[in-house]
Amino acid sequence: MNERLARLAPVWRDRVQVAVEFLRDRGFRGKVGLILGSGLGNFVEAVDEAEAVAYGDIPGYKTTTVAEHTGRLVKGTAAGVPVIVMQGRLHPYEGLPSEELLLPTAVLACLGIDTAVVTNAAGGLNRYYRPGDLMAIRDQIDLHFHDPLRGLMTQPFAPPAAADPDQQARLADLGRSGGLPDLFEPRLAEELVAAAADCGVPMHAGTYASMSGPAYEAKAEIGMLRRIGCDAVGMSTAPETVLLKRLGVAPVGLSCITNPARETGQPELSHQDVVEVGKMVRERMARLLLEFLPRI
Ligand code: HPA
């Protein structure tokens with residue numbers, strides 16, 4: 001059994017393993033995993049030698065109910081890098097328990113990827129952000145108020161950041177432990193921003209707030225999110241990145257700003273609006289990813 005599967009709680013592990021073996025038999029392996037958010041699924045057109053399996057054909061996968069989330073796992077190469085792409089994801093607001101919601105992410109990790117690029121459509125909270133801009137996620141605030149990994153891991157606590165024995169000894173002298181490592185790999189976030197500059201894509205770097213949805217935020221919530229330091233808000237990504245990190249995959253986060261989250265004077269936001277702007281920016285996102293992938 002691979003080392004990542006061993007970290008999953010036994011009740012979950014068996015289900016993940018069945019899907020992993022099913023996909024391995026069909027040649028699914030890769031260096032980088034990509035999870036494509038609302039309206040962003042077209043990146044698969046840039047995948048060479050693409051082969052796809054519908055989620056409904058993979059043992060244990062639930063199919064997504066959200067418009068514009070196709071629901072396929074695609075393998076191939078992009079800019080010469082072996083990739084596995086989740087075209088469509090499940091969302092917490094679909095009401096599934098974590099073991100269903102996160103099963104495809106666990107499978108992606110257990111297929112042996114090193115890095116995962118997790119993308120989403122998001123509302124811009126930072127007043128400098130415009131619809132169509134992209135944002136490298138530096139960190140996240142998970143406002144679902146429960147840890148998605150509850151009951152799903154064999155070791156409930158993550159290992160400390162300081163793997164270096166000298167640093168461990170110094171911290172132990174001080175009666176401290178190493179603390180948590182960065183959730184999003186800082187070097188890769190910087191590389192993503194550099195790649196955007198090199199291919200002329202408008203790019204920011206900031207903090208992503210994950211709300212449980214499906215309602216868009218009330219005005220007072222938007223005010224709160226700004227005050228606690230969030231730059232963009234969406235309804236996904238945070239549960240997946242926590243799991244990826246715990247399984248030893250480096251998460252890279254990329255938000256596509258589809259609308260300003262405004263406190264006043266804005267007509268009600270619809271999922272369709274989000275998907276329409278998503279379509280406008282997806283060409284930019286595909287360009288950026290092709291520039292970024294070889295730099296990982
Ligand atoms: N709020 C939450 N999720 C979103 C938004 C938003 O404004 N835009 C796209 N996804």
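We count ligands from 1, going down the list as the structure has it; atoms in each ligand are counted the same way.
Taking every non-hydrogen atom of T258 and a distance limit under 4.0 Å, the qualifying atoms of ligand 1 come out as 8 (N), 9 (C). Taking every heavy atom of M235 and a limit of under 4.0 angstrom, the matching atoms of ligand 1 come to 2 (C), 3 (N). Atom numbering of ligand 1 starts at 1 in the shown order; those under 4.0 Å from a heavy atom of A121 are 9 (C), 10 (N).
The shortest N/O to N/O separation between G123 and ligand 1 falls below 3.5 Å. Taking only nitrogen or oxygen atoms, main chain and side chain alike, Y216 does not reach within less than 3.5 Å of ligand 1.
When non-hydrogen atoms are compared, ligand 1 lies under 4.0 Å from neither the backbone nor the side chain of N120. Contacts between E217 and ligand 1, counted as non-hydrogen atom pairs separated by less than 4.0 Å, involve the side chain only.
Here D114 pairs with K31 under the salt bridge (charged side-chain N to carboxylate O under 4.0 Å, His left out) rule; sequence neighbours left out. K75 meets the salt bridge (charged side-chain N to carboxylate O under 4.0 Å, His left out) test with E51; sequence neighbours excluded.
Salt-bridge check for E190 with R295: failed, with every basic side-chain N at 4.0 Å or more from each acidic carboxylate O. We find that E291 and R287 are not joined by a salt bridge, their nearest charged nitrogen and carboxylate oxygen being 4.0 Å or further apart.
Summarising the local packing, CZ of R4 is surrounded by more than 12 heavy atoms from other residues, nucleotides or ligands at distances under 6.0 Å.
Y61 and Y55 have tilted rings, their planes meeting at an angle from 30° to 60° on a 0 to 90° scale.
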